[in-house]
Novice: 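Below is a structure I'd like to ask you about.
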There are 2 protein chains.
Amino acid sequence: MTKPEEAPDNTSLHFRVADILRDKITYGELAPRMRLTERVLCEELNVSRTPLREALKTLASEGLVELLQNRGAMVTAMTLADTAQTFEVLSVLEGLSGELACARADEAAVAGLRQLHEAMGACYRAGDREGYFELNQTIHARLFLLAGNPVLLATHDKLNLRLRRARYFANVSQSRWDSAMAEHEQIMAALEARNGKRLRLLLEEHIRNKCDSVIAALLSSGAIRAIGSSAAPLPAPKRREAAGRSR
Amino acid sequence: MTKPEEAPDNTSLHFRVADILRDKITYGELAPRMRLTERVLCEELNVSRTPLREALKTLASEGLVELLQNRGAMVTAMTLADTAQTFEVLSVLEGLSGELACARADEAAVAGLRQLHEAMGACYRAGDREGYFELNQTIHARLFLLAGNPVLLATHDKLNLRLRRARYFANVSQSRWDSAMAEHEQIMAALEARNGKRLRLLLEEHIRNKCDSVIAALLSSGAIRAIGSSAAPLPAPKRREAAGRSR
DNA sequence: TATTTCATGGTTGTCTCCAATATATTCTGA
DNA sequence: TCAGAATATATTGGAGACAACCATGAAATA
């Protein structure tokens, strides 16, 4: 009865399946290190094996699942090391986006960002975490758009996807929120001053700080293993009584 | 029944098929904008549709082919804009690899790089383009390894894959070769001095210069369309709306 | 000439086989 | 009792047939 999200887009099925699985992984419905068996997913999503397998291949090349030889797929483990390393790469991408945006954005675009920034400041002062988070995402995404480099955008999006999981589990502290807001003030100022080099450094530092805070939050919440050790046992195979399998 | 490449690796077939197609795209056997029909490829590679389709999905998410709605796959066009944008991203990744390697590589590794560098210098003085190219690749790859960030390495490799095509078609000028060698001298010096910031800047500049020379070579050889214009049979499909936020 | 209709080839999705492999279970011998 | 071998079972990998759908271009019509 559960069609794949009831989305009769003209997009192909394997694409929609990949989308659904991406979300399930991001929001923890498919937990890290969980084994994905084709038959179960097929029944759950109500699709046949072919598009499902194609979707899994896509997700594998995106780094969201790992393909095991003759053992199917497993949701990629979210290790501390991996998170930190992804942030490390992300920081230079973010820096580049700032520098390029500085050089390429027109005045109207900068003014638009200022507006978003002010709105975000209002959320901050009102203690509206939800709204702040949303606008924060929008601002960073807008910078990547203004950078005018689709390759940069795509690269960032793909890496960011893997961090969405971590960000979803992490709840940043109040003190980090304070300093993040302050950093955004400086970021806006650098952009308006068209100081590309400075904006780049600010953004890199901003992401590094965000990395630290996310990792701290993950560690304290216990949502992540401190070290990427694979001491995690695979989920015990659920006892399945094959009804009436005559032989 | 002949296997595709008589390579009975323990890797799955879709993986090997993706590898083969990657190479064919890199070396122009499958030209940019060429339509890929499943039936033809199946016969050519002597595989069935299942692994082929899975491989195509993988290549699509790597940006080497584009999937068209109900019209199969097409080798991604190699436009000037795309090449320049990819180099733009690559330069900051390369810079990051240098900075990290500076901080994390031990003395033995640096000495090893010095050896490679000297060997490359010998090739340069001997006019051995082939050997130079090979060692140059090795040195840059080694830097990424020493950076100790697998995410960075994977991201770089994926982007670099798309440029291998351009590099293959481009033949750099002698003057560019001269300055590239000089830049490598500085790069080695900065690494040995453990000057991470400087190494980062040098590498970024190095890649920017390489970009300019590759593009110049491509333009003069006529192997690439000057502008990403689609005077080609198919309509340009990738156009992201600027302001509209959704997703 | 412009528009509509229609035939065709290719892709997409589903299904059914079968082989190869990994995992679980039972059996055997010390 | 327990380790290791042998067997059984489940799952993935791959091949191929089939139907449905879509894009495209040619033919027919106004």
Side-chain angles (χ1 to χ4, degrees), chain A residues 3-21 33-60 65-75 230 233-247, chain B residues 1-21 33-60 65-75 232-237:
Chain A
K3 285 287 180 65
E5 289 308 321
E6 221 53 75
D9 299 7
N10 37 5
T11 59
S12 337
L13 193 48
H14 66 88
F15 192 79
R16 272 178 285 159
V17 169
D19 263 355
I20 294 172
L21 291 180
R33 294 185 170 278
M34 179 182 280
R35 271 283 292 280
L36 303 177
T37 65
E38 293 181 358
R39 193 183 45 75
V40 173
L41 285 180
C42 283
E43 285 172 8
E44 199 166 327
L45 300 178
N46 206 29
V47 298
S48 73
R49 280 179 71 202
T50 309
L52 178 78
R53 282 168 63 172
E54 290 169 356
L56 285 180
K57 274 22 168 216
T58 298
L59 294 178
V65 308
E66 239 169 288
L67 298 180
L68 309 167
Q69 190 70 224
N70 290 311
R71 276 181 300 162
M74 181 186 79
V75 179
S230 51
L234 291 175
K238 40 278 176 227
R239 255 277 170 241
R240 294 178 16 76
E241 50 282 17
R245 264 291 190 192
S246 66
R247 165 139 298 240
Chain B
M1 188 83 88
T2 55
K3 291 287 179 62
E5 286 294 330
E6 223 49 80
D9 299 5
N10 38 5
T11 59
S12 356
L13 194 47
H14 68 88
F15 192 77
R16 272 178 285 158
V17 168
D19 264 356
I20 295 172
L21 291 180
R33 292 185 171 278
M34 178 182 279
R35 275 283 291 279
L36 302 177
T37 64
E38 292 182 356
R39 192 181 44 78
V40 174
L41 286 180
C42 283
E43 285 172 8
E44 199 167 328
L45 301 177
N46 205 30
V47 300
S48 75
R49 283 181 59 216
T50 310
L52 178 77
R53 285 173 60 177
E54 290 169 356
L56 284 180
K57 268 52 173 187
T58 298
L59 294 178
V65 309
E66 243 168 283
L67 298 181
L68 309 167
Q69 192 65 229
N70 290 312
R71 277 181 298 164
M74 181 187 78
V75 179
L234 288 168

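Note on naming: letters A, B, ... go to the chains in the order of the sequence lines (proteins, then strands), and numbering restarts at 1 for each one.
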Novice: How close or far is atom P of dT11(C) from atom CG of L68(B), stated in whole angstroms?
Specialist: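 Between P of dT11(C) and CG of L68(B): 10 Å.
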Novice: Could you state the atom-to-atom distance from CG of L56(B) to P of dG10(C) in whole Å?
Specialist: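 Rounding to the nearest Å, CG of L56(B) and P of dG10(C) are 16 Å apart.
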Novice: Touch check for L36(B), heavy atoms < 4.0 angstrom, all strands: base, sugar-phosphate only, or nothing?
Specialist: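 Touches sugar-phosphate only.
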Novice: What is the distance, to the nearest angstrom, from the CZ atom on F15(B) to the C1' atom on dT12(D)?
Specialist: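 Whole-Å distance recorded here is 17 Å.
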Novice: Rounded to the nearest 0.5 Å, what separation is found between the CG atom of L13(B) and the CG atom of D19(B)?
Specialist: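 Between atom CG of L13(B) and atom CG of D19(B) there are 11.0 Å.
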Novice: If only side-chain N and O atoms of S48(A) are considered, is one of them under 4.0 Å from the OP1 or OP2 phosphate oxygen of dT14(C)?
Specialist: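 So the side-chain polar atoms of S48(A) do come within 4.0 Å of the phosphate oxygens OP1 or OP2 of dT14(C), strictly under.
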Novice: Whole Å only: how far is the CZ atom of R53(A) from the P atom of dC15(C)?
Specialist: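 The answer, rounded to whole Å, is 14 Å.
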Novice: When the distance from NE2 of H14(B) to P of dT12(D) is rounded to whole Å, what number comes out?
Specialist: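 Spelled out: NE2 on H14(B) to P on dT12(D) is 13 Å.
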Novice: Expressed in angstrom and rounded to an integer, what is the separation of L13(A) atom CG from dA20(D) atom C1'?
Specialist: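 Rounded to whole Å, this separation is 14 Å.
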Novice: Can you measure E54(A) atom CD to dG14(D) atom C1' for me and round it to whole angstrom units?
Specialist: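 Atom-to-atom, E54(A) to dG14(D), this comes out as 13 Å.
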Novice: How many angstroms lie between CZ in R53(A) and CG in L41(A), if you round to the nearest 0.5 Å?
Specialist: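 With rounding to 0.5 Å, CZ (R53(A)) is 13.0 Å from CG (L41(A)).
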Novice: Which part of the nucleic acid, if any, lies within contact of R49(A), taking any heavy atom under 4.0 Å across all strands shown: a base, the sugar-phosphate backbone alone, or nothing?
Specialist: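 The answer is base, as R49(A) lies within the cut-off (heavy atoms under 4.0 Å) of a base atom.
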Novice: Within the 4.0 Å heavy-atom criterion, would you say L67(B) contacts the bases, only the backbone, or no part of the nucleic acid?
Specialist: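 Here L67(B) touches no strand at all.
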Novice: For the pair made of CG in L52(B) and C1' in dG13(D), what is the distance, rounded to whole Å?
Specialist: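 The answer, rounded to whole Å, is 15 Å.
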Novice: Return the 5'-most residue of the pair A73(A), T50(A) with respect to DNA chain D, ranking by each residue's nearest nucleotide.
Specialist: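 Looking at the nearest nucleotide for each, A73(A) comes out on the 5' side.
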Novice: How about L52(A) and E38(A): do any of their side-chain heavy atoms sit closer than 4.5 Å?
Specialist: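 Heavy-atom side-chain distance check passes, below 4.5 Å.
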Novice: What nucleotide, of dG13(C), dT21(C), dT23(C), holds the atom closest to the side chain of R71(A)?
Specialist: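 Per side-chain heavy atoms of R71(A), the pick is dT23(C).
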Novice: Can you check whether T58(A) reaches V17(A) side chain to side chain, under 4.5 Å on heavy atoms?
Specialist: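 Side-chain contact under 4.5 Å: no.
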Novice: Remember a base hit wins even if backbone is also touched, and classify T37(B) as base, sugar-phosphate or nothing at under 4.0 Å, heavy atoms.
Specialist: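 Since only primed, P, OP1 and OP2 atoms lie under 4.0 Å of T37(B), the category is sugar-phosphate.
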Novice: Going by the rule side chain to side chain contact (heavy atoms under 4.5 Å, CB included), which residues pair with R39(B) if we only count those two or more places apart in sequence or in a different chain?
Specialist: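 Result, side chain to side chain contact (heavy atoms under 4.5 Å, CB included) vs R39(B): E43(B).
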Novice: Students often get this wrong, so: under 4.0 angstrom with heavy atoms, is E38(A) touching a base, only sugar-phosphate, or nothing?
Specialist: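 Sugar-phosphate: the residue E38(A), judged by heavy atoms under 4.0 Å, touches backbone atoms but no base.
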Novice: Could you work out which one of dG13(D), dA23(D), dA15(D) sits closest to the side chain of N70(A)?
Specialist: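 It is dG13(D).
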